[in-house]
Amino acid sequence: MSLEKITQFTSKTMVLEAENIDTDQIIPARFLTTTVREGLGKLAFYDWRYNEAGLPVNSDPFAGKDSGIHQILVGGDNFGCGSSREHAPWALVDFGFRAVISTKVADIFKNNALKNGLLPIEVEPKVHAELLAAPGVELTIDLERREIIRPDHWRQSFEVDPFGRQCLLDGIDPLGFLQSCETDIEKFEARQT
Amino acid sequence: MSSKSLFDKVWERHLVRAQTPEQPGVLYIDRHLVHEVTSPQAFSMLREKDLKLRCPERTFATMDHSIPTIPFVDGKPVYASEETGAQVSTLQQNCADFDIELHGWDSPNRGVIHVMAPELGLTLPGMTIVCGDSHTATHGAFGALAFGIGTTEVAHVFATQCLLQAKPKALRVTIDGRLNDGITAKDMALAVIAALGAAGGTGYVIEYAGEAVRGLSMEGRMTLCNMSIEAGARAGMIAPDDITFNWLKGRTHAPEGQAWDDAIADWKTLCSDEAAVFDKEISLRGQHIAPMITYGPSPDQAMAVDSITPNPAGDVEADGLEYMQFTAGRPVMGEKVDVVFIGSCTNGRLSDLWDVADVLKGRKIHERVRMLIVPGSEQVRRNAESEGLHDIFTAAGAEWRLPGCSMCIAMNGDMAQPGELVVSTSNRNFKGRQGKGARTVLASPATAAACAVWGEVADPRPFRETPHVA
Ligand code: SF4
């Protein structure tokens with residue numbers, strides 16, 4: 001589970017304008033019967049991409065693809081709400097995404113995403129509107145400087161959880177950090193009894 | 001000493017390490033609840049790193065999401081698929097390997113995790129409780145700080161009994177005055193979510209306060225806290241009081257004797273100080289809350305059952321109405337109903353079944369309607385059966401099932417067909433939540449039961465005003 005370091009990357013965006021994209025949309029509950037983390041990309045947004053007969057729905061931007069068209073997903077307001085399933089970021093990462101941009105990313109999804117190397121990025125409504133209006137635009141995400149940069153040098157700063165950011169920059173596994181607190185944990189437990 | 005909220009108090013009691021500008025706090029977890037869907041990968045993480053489960057005695061498991069609710073055949077459960085069966089056997093194996101108390105098929109207490117844990121007294125005031133499940137907020141009804149976590153965090157708690165947490169902000173929702181007759185905690189929950197919006201609580205822990213909240217039974221308080229996540233909030237809390245203490249007394253894991261008296265003295269301090277400051281506050285009047293239903297595929301798209309759908313504020317709402325096959329500016333009441341689901345960790349408790357029985361007693365459900373009544377736990381099932389409620393349900397034409405999540409999440413084979421309209425007492429009406437293409441209207445048990453009898457979305461109040469004489 002050692003995390004891959006992330007400092008910066010560049011990709012075109014995919015835009016999903018809908019608000020409140022919940023984790024049941026990202027991966028429908030009926031696929032939660034898995035006991036593994038791998039290979040869930042083919043199930044990402046399954047009901048948006050396939051019809052009842054299991055045939056690809058030819059609607060942009062997915063066009064029946066099962067993985068990695070773009071690495072940056074721009075979603076409508078309140079992205080990732082609903083169920084706490086970590087299957088949602090697992091599916092998105094396996095699909096090829098490395099960042100999700102919205103005005104608001106739901107709490108549990110945000111925590112889950114960061115732990116899997118998927119950057120949950122929150123931007124101002126004005127910046128968000130520009131990104132929503134420009135699907136396919138090329139963006140560089142600079143995690144070190146917390147900036148989104150377009151080739152025409154348009155840059156915007158973004159919010160991201162500071163500790164999660166540091167873990168990604170340094171490739172630190174938060175579990176390792178928690179384990180290093182063992183003495184404090186034992187002291188805490190001793191005080192309780 | 002500065003004034004503190006209930007949330008501040010519980011939070012501070014559990015800090016192993018304080019939060020700094022660079023690092024979140026390290027929060028100690030008193031209870032870790034586990035189910036079959038979000039745990040297998042966390043156990044794998046432990047195995048990959050060759051780690052032990054730090055506190056098996058703080059960890060309790062059950063299976064609820066993917067298990068069948070239909071009767072056993074030849075003494076065996078009939079799983080909807082090989083995968084769901086494998087998920088359950090994986091949990092059984094993991095609990096055996098890591099020495100975790102599992103309430104499995106043979107347990108008289110098995111149930112939906114958020115129904116079962118309080119029944120066992122595993123949920124106590126002032127505790128921190130987590131589960132790989134967003135409706136963990138339910139346990140906040142007892143004045144615990146309870147929230148859902150992801151599977152990687154489940155592994156963190158397995159390994160260290162701690163979580164890294166940045167402190168959320170505090171939001172107080174005050175519901176003043178009394179509720180009108182026949183208005184339930186579910187109606188309150190939907191009214192609060194409609195007022196806050198689906199993201200209005202994001203980043204917050206909600207404390208529910210006010211006369212209408214204090215007046216709720218423990219079951220009602222659990223229903224209200226349960227749906228906090230539907231407004232985006234991490235947790236919902238209610239300060240414990242005599243209603244809480246009376247409910248807990250004598251439960252399996254509740255303290256006894258002197259320890260009980262000491263606990264009560266301590267629990268009484270768990271309330272927000274008068275001058276406590278909240279980052280955000282809203283208030284609602286109890287009297288203004290009507291029986292609520294949802295009209296779109298998001299829980300915040302809720303309105304009084306007898307009102308008309310609003311004009312869509314944008315494309316998203318318009319798309320939602322289209323999905324639901326409802327028209328703007330028209331009532332939802334009168335829409336033909338295909339399925340009614342009673343159950344879930346929101347409304348699968350005994351008092352919910354009483355509300356349903358009140359409506360169904362001496363009546364038949366509409367011939368078009370398929371009605372599933374799924375108790376939240378084995379305890380609920382036993383109690384309901386000893387009161388004869390199941391006979392009322394089956395006489396009315398409903399199916400009485402074994403406990404489980406069932407159609408709340410539709411993982412176990414209990415699901416609706418594309419296009420069917422479901423009135424559900426569960427907590428989520430997202431597109432496809434109850435089966436691909438299924439259209440879900442969320443409502444209270446009384447409203448859902450009225451819809452089953454009428455065969456259409458209906459107001460439950462007339463059923464109360466003219467009770468059927470059996
Ligand atoms: S009843 Fe529904 S919301 Fe509750 S735990 Fe089960 S699936 Fe989740």
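Lettering of chains follows the sequences in order, A, B, ..., and the numbering in each one begins at 1. Just so it is clear, the values below take in all heavy atoms, side chains as well, and ignore hydrogens, waters and symmetry mates. None of these values were measured; they are calculated from a predicted model.
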When rounded to the nearest 0.5 angstrom, what distance separates [atom1] in [X] from [atom2] in [Y]?
X         : Y         : atom1 : atom2 : value
Leu178(A) : Leu27(B)  : CG    : CG    : 10.5 Å
Asn51(A)  : Lys436(B) : CG    : NZ    : 6.5 Å
Thr33(A)  : Asn412(B) : OG1   : CG    : 12.0 Å
Ile229(B) : Ile108(A) : CD1   : CD1   : 4.0 Å
Leu175(A) : His156(B) : CG    : NE2   : 4.5 Å
Ile21(A)  : Lys431(B) : CD1   : NZ    : 9.5 Å

For chain A, which of [options] has the most heavy-atom pairs under 4.5 Å?
options                                   : value
Gln87(B), Met411(B), Gln41(B)             : Gln41(B)
Gln23(B), Gln161(B), His14(B)             : Gln23(B)
Leu15(B), Thr38(B), Asp315(B)             : Leu15(B)
Glu317(B), Glu82(B), Arg54(B), Glu83(B)   : Arg54(B)
Ser39(B), Ala410(B), Pro418(B), Gly320(B) : Pro418(B)

Would you mind checking which part of [X] comes under 4.5 Å of any heavy atom in chain A, side chain (CB onward), backbone (N, CA, C, O), both or neither?
X         : result
Ala159(B) : side chain
Leu91(B)  : neither
Val37(B)  : both
Thr151(B) : both
Ile409(B) : both
Arg428(B) : side chain
Ser298(B) : side chain
Glu22(B)  : backbone
Cys55(B)  : side chain
Arg13(B)  : backbone

What is the minimum heavy-atom distance between [X] and [Y], and which atoms define it?
X        : Y         : answer
Pro21(B) : Pro162(A) : O-CG, 4.5 Å
Thr35(A) : Thr90(B)  : CG2-OG1, 3.8 Å
Ser84(A) : Gly132(B) : OG-C, 3.6 Å

Part of [X] lying under 4.5 Å from any heavy atom of chain B:
X         : result
Asn111(A) : side chain
Gln166(A) : neither
Thr34(A)  : both
Glu186(A) : both
Phe188(A) : side chain
Asp22(A)  : side chain
Asn112(A) : side chain
Phe177(A) : side chain

Do you know which of [options] has the most heavy-atom pairs with chain B at a distance under 4.5 angstrom?
options                                   : answer
Lys110(A), Gln192(A), Glu19(A), Glu189(A) : Glu189(A)
Glu17(A), Gln179(A), Arg30(A)             : Gln179(A)
Gly164(A), Ser83(A), Ala106(A)            : Ser83(A)
Arg85(A), Arg165(A), Gln25(A), Lys187(A)  : Gln25(A)
Asp77(A), Asp161(A), Asp24(A), Val105(A)  : Asp24(A)
Trp90(A), Phe109(A), Phe31(A)             : Trp90(A)

A quick test of your reading: do over 12 heavy atoms of other residues, nucleotides or ligands sit less than 6.0 Å from [atom1] of [X]?
X         : atom1 : result
Glu182(A) : CD    : yes
Arg47(B)  : CZ    : yes
Asp262(B) : CG    : yes

Q: Kindly say whether Gly203(B) contributes a backbone atom to a donor-acceptor pair with the side chain of Asp107(A) at under 3.5 angstrom?
A: yes

Q | Check: Cys181(A) main-chain N/O paired with Arg17(B) side-chain donor or acceptor under 3.5 Å | A |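 It does not hold such a pair.
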
Q: May I have the step-by-step check of side chain to side chain contact (heavy atoms under 4.5 Å, CB included) for Glu86(A) and Glu153(B), ending in yes or no?
A: CA-CA 10 Å; Glu86(A) 199 160 316; Glu153(B) 288 174 316; 5.8 Å; no

Q. So, do Gln301(B) and Asn20(A) sit near enough that their side-chain heavy atoms are less than 4.5 Å apart?
A. no

**Q.** Test side chain to side chain contact (heavy atoms under 4.5 Å, CB included) applied to Val26(B) and Asp184(A), step by step
**A.** CA-CA 10 Å; Val26(B) 175; Asp184(A) 287 346; over 6 Å; no

(Q) So that I can tick it off, tell me whether Arg37(A) and Glu48(B) are bridged by a salt bridge, with the cut-off set at under 4.0 angstrom between side-chain N and carboxylate O. (A) yes

